[in-house]
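Keep in mind that this is a model prediction, so the values were computed, not measured. All residue numbers in this chain count up from 1 along the given sequence.
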Amino acid sequence: MSEPSGTPVGPGAIPKNAGHYQRQVLCFLLLLGLVAAGGILWERVGREQANRQVEAVLDLRSALVLARSRGVSADEVLRGFAAQGIRSLAVDEQNLDDLALSGRARALRGLEVAELQSQGSLPATREPSPERLYLLARSPEQARIIAREAETSLGTERVRVWPAPGSELVEVVGEPRILAQIGLGLSEDLLAHLHRDLGFRIWVRPEGMPGASEPALRSRLQALAAVPGVHGILFAGVRNEVMGYPDHLEMVARTLADLSLRLGVIELPAKAQQKGIETLARHAPEQVVRVLAVPPAQQARTDPETVVAMYSLGARERNIRLLYLRPYDDLVGELSADEANARLFTGIQRFLEPMQDVQASTFPPPRSGWLGSQVLVAAGAGAAVALLLGAFASVPAWLALSLVLGLAAGTGLTGLCGILETPWRALMALGTATILPVLGLVWQFPSLERASDEPGLVRLLFRATGALLAACLVSLAGGLMAASFLPETTYMLSVDVFRGVKVLSALVPLLVVLAWTVRRGSFQALLRLLDERLRVWHLVVLVVLSALGVFYLARTGNVSGELVVSDSERLLRRGLDALLGVRPRFKEFLLGHPGLLLAFTLAWLRRPNLVLLGLLAAAVGQASLTGTYAHIHTPLAVSLARTGWGLVVGWGLGCLASLGCLAMAGWFGPRLAVLWKPTDREPGDRVESSG
């Protein structure tokens, strides 16, 4: 492969008139930005280490269903779970069914109350309203307790004891069908029994109390915090909204912080997330615990080993600190409910064994500001832009300096003024994550062009391995620098997310292909192609490429639950997790890293028309590597391990793919000459000389 005309690229190939000193200064600034990013991320690692305790919480309502299906007492079932290491319970507000099943009260319509009055079972002191709901308690004292509990949820104006001496009736105002679904307060006697007699910690699940005033909301939270054993809140309810939504969220957040109540945020897709929960989490991030709950319908058709793997993966890789467990109450495949529960809770106990009887931890507040360090990171990003431009043309010193100072000044000013701070830094993170992988591959272009001069296969693999390692290091630097722009706790909790992953995944391959095309002098040929008459095969190629692009972008994202995978792929993921501890990304070890090694092999075989395909695959892998660090809710140590395994496994597969490519070229070269389009020698010549 002959050297193309024009300016060569790479750290050691920038023209003299571009200024060797200028290039050194830019590289120094890039390195300085990486060091500054390392300082920010080092603090993040410390905060991640302080937030490692994982707590398992059992859904009380599911446990009660299991007890009824077995025909045993609830206490017996709960003591069994306690013996398996479960020390926390999630307690919902009681509803009409709960009151009836517990024997505390039963619901009656107005006509039923009138009928009981006519029979003499109830005093006929007042005529009931046929449109209202009435709760018939087992005693006047129980009626007063139920009314007090329901008032905390519905308000005093909607609940009252029937105005008669010794009345056992509680009148509730509201649509009966709605009242049958919503909560009617928490039983303080039940909470006290669960904590005092059975030894459980309590996560309460109150409903939203729409329309309540700030004093009422504050009083409700204070009452919950005063109950012995309560140390966390998981909001629930058919309205799918938190307390204080939409007008009093800031007050609720302040009250939660003042009362030291943890706030559970369940990992859900954005469309299904509770209304107002993100606002609460942003106002009190140091109180937030990430929660993973497998939906009941999904768990019912999933074997317990898979459910355990889901919880384990969430705790290791997504900062999940509260595992919301529901026992099985029916057959799971060929397993009985008892067998399935034994496997489920034994697996959870084994996973949590080093952390038995602990409470879910939270992220500590940051110890220092990041503005000064982020200015240096921005300067490093500006230097990377100047270096990338300088790879193709001489960049005047004033332009390089303007890029560096402009980005640094923009970051500093927006940080100091607080104007568009987060959007600006998010944009800086996206730009940094895009530029560095492109720069890393562009720096390998000269080495790729000289691959055909290597005397043997071993030397070729050494050159390709060096290029792969160098490109990965630059992409890693881009990922770390991008992550350092977004160190807030809300990103670590996935309340805020890096939303440019799809843009990053599309831009990096496009820019790398464009850079290679410009370097090879093929850009004009590409433009001439646009003047060609449209043919059927053009449409076929366009449809195929569009489908591949949509599939590629659909499998890229930063929102949990966005990607739907097949059962076979899920099984493969579980196998890789079990084998390696941390699963590397498919786009890296199956596509990107082998693609770069294959690009060198194809260049060595003098197949220039196919080198671009290898570079395209390599760019996909480098974009994925950098994008790994955009998943800021993943602990940094896990991301680094994922990158390391992807490099090792991808290098091994790339070597095998290169050997296979050489074998095909040697054995089938004459038959494939039309497809491979050799330039000045047969593939077999190269393979024989490499032996």
*Asks:* I'd like to check Leu469 versus Leu647 (side-chain heavy atoms, cut-off strictly below 4.5 Å). Are they in contact?
*Replies:* yes

*Asks:* Please answer whether the main-chain N or O of Gly440 pairs with a side-chain N or O of Gln444 as donor and acceptor at a distance below 3.5 Å.
*Replies:*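 Yes; at least one donor-acceptor contact below 3.5 Å.
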
*Asks:* Which heavy atom in Ala433 sits nearest to a heavy atom in Leu504, and how many Å separate them?
*Replies:* O-CD1, 3.1 Å

*Asks:* Is there a side chain to side chain contact (heavy atoms under 4.5 Å, CB included) between Leu476 and Leu640 once you walk through the steps?
*Replies:* CA-CA 9 Å; Leu476 173 61; Leu640 290 171; 4.1 Å; yes

*Asks:* Within the side chain of Tyr311, is there an N or O that forms a donor-acceptor pair under 3.5 Å with the backbone of Tyr324?
*Replies:* yes

*Asks:* Closest approach of Val508 and Pro437, non-hydrogen atoms and distance?
*Replies:* CG1-CB, 4.0 Å

*Asks:* Contact between Arg290 and Arg321 at the side-chain level, heavy atoms closer than 4.5 Å - yes or no?
*Replies:* no

*Asks:* Roughly how far, to the nearest 0.5 Å, is CD1 of Ile277 from CG of Leu263?
*Replies:* 4.0 Å

*Asks:* Quick check: do Thr634 and Tyr629 have side-chain heavy atoms less than 4.5 Å from each other?
*Replies:* no

*Asks:* If only side-chain N and O atoms count, and only distance matters, is there a donor-acceptor pair under 3.5 Å linking Arg262 with Thr362?
*Replies:* no

*Asks:* Would you say Arg642's side chain and Arg583's backbone share a donor-acceptor pair under 3.5 angstrom?
*Replies:*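 Side chain of Arg642 to backbone of Arg583, a donor-acceptor pair under 3.5 Å: yes, one is there.
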
*Asks:* If only atom types and distance count, is the side chain of Ser312 paired as donor or acceptor with the main-chain N or O of Ala309 below 3.5 Å?
*Replies:* no

*Asks:* At their closest point, which heavy atom of Met428 faces which heavy atom of Ala381, and how far apart are they?
*Replies:*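 Scanning both residues, the minimum pair turns out to be CE-CB, 4.3 Å.
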
*Asks:* Quick check: does any side chain N or O of His283 sit under 3.5 Å from a backbone N or O of Thr279, one acting as donor and the other as acceptor?
*Replies:* yes

*Asks:* Tell me, please, which residues at least two apart from Arg459 pass salt bridge (charged side-chain N to carboxylate O under 4.0 Å, His left out).
*Replies:*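 By the salt bridge (charged side-chain N to carboxylate O under 4.0 Å, His left out) rule, Arg459 matches Glu454.
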
*Asks:* Between Met481 and Leu30, does the side chain to side chain contact (heavy atoms under 4.5 Å, CB included) criterion hold? Intermediate values first, please.
*Replies:* CA-CA 10 Å; Met481 292 170 67; Leu30 178 58; 4.1 Å; yes

*Asks:* If you compare all heavy atoms of Ala471 against all heavy atoms of Gln622, which two are closest, and at what distance to 0.1 Å?
*Replies:*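 The pair with the smallest heavy-atom distance is O-OE1, 3.2 Å.
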
*Asks:* Any donor-acceptor pair under 3.5 Å linking the side chain of Asn51 with the backbone of Asn319?
*Replies:*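 Absent.
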
*Asks:* Any side-chain heavy-atom pair from Arg318 and Leu313 closer than 4.5 angstrom?
*Replies:* yes

*Asks:* Could you tell me whether the side chain of Thr643 and the main chain of Ser639 form a donor-acceptor pair under 3.5 Å?
*Replies:*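 Such a contact is found between Thr643 side chain and Ser639 backbone.
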
*Asks:* Quick one about Gln53 and Ser361 (side-chain donor to acceptor, distance below 3.5 Å, no hydrogens or angles considered), yes or no?
*Replies:* no

*Asks:* Within the structure provided, determine whether Leu615 and Leu448 are in side-chain contact (heavy-atom separation under 4.5 Å).
*Replies:*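 A side-chain contact under 4.5 Å exists here.
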
*Asks:* Within the side chain of Arg47, is there an N or O that forms a donor-acceptor pair under 3.5 Å with the backbone of Pro364?
*Replies:*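 Present.
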
*Asks:* Would you confirm whether Gln374, through its side chain, and Ser484, through its main-chain N or O, come within 3.5 Å as a donor-acceptor pair?
*Replies:*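 Checked: pair present.
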
*Asks:* Closer than 3.5 angstrom, by distance alone: can the side chain of Gln273 be matched with the main-chain N or O of Ile266 as a donor-acceptor pair?
*Replies:* yes

*Asks:* Can you name the closest pair of heavy atoms from Glu588 and Gly621 and give their distance?
*Replies:*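 For Glu588 versus Gly621, the nearest heavy atoms are CG-O, 3.6 Å.
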
*Asks:* What verdict does the side chain to side chain contact (heavy atoms under 4.5 Å, CB included) test give for Phe600 and Ser447, after you've listed the backbone C-alpha separation in whole Å, the side-chain angles of each residue and the deciding distance to 0.1 Å?
*Replies:* CA-CA 9 Å; Phe600 275 82; Ser447 181; 3.6 Å; yes

*Asks:* What pair of heavy atoms forms the shortest contact from Thr432 to Ala482, and how long is it?
*Replies:* CG2-N, 4.1 Å

*Asks:* Can you find a pair of side-chain heavy atoms, one from Leu597 and one from Leu653, that are under 4.5 Å apart?
*Replies:* no

*Asks:* So, using ring-ring contact (aromatic ring centres under 6.0 Å, His included) as the criterion, who are the partners of Phe363 when residues are at least two apart?
*Replies:* none

*Asks:* Answer yes or no: is there a side-chain heavy-atom contact under 4.5 Å between Leu439 and Leu387?
*Replies:*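 Result yes, sub-4.5 Å side-chain heavy-atom pair found.
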
*Asks:* For Glu286, does the CD atom sit with more than 12 other heavy atoms under 6.0 Å from it, leaving out its own atoms?
*Replies:* yes

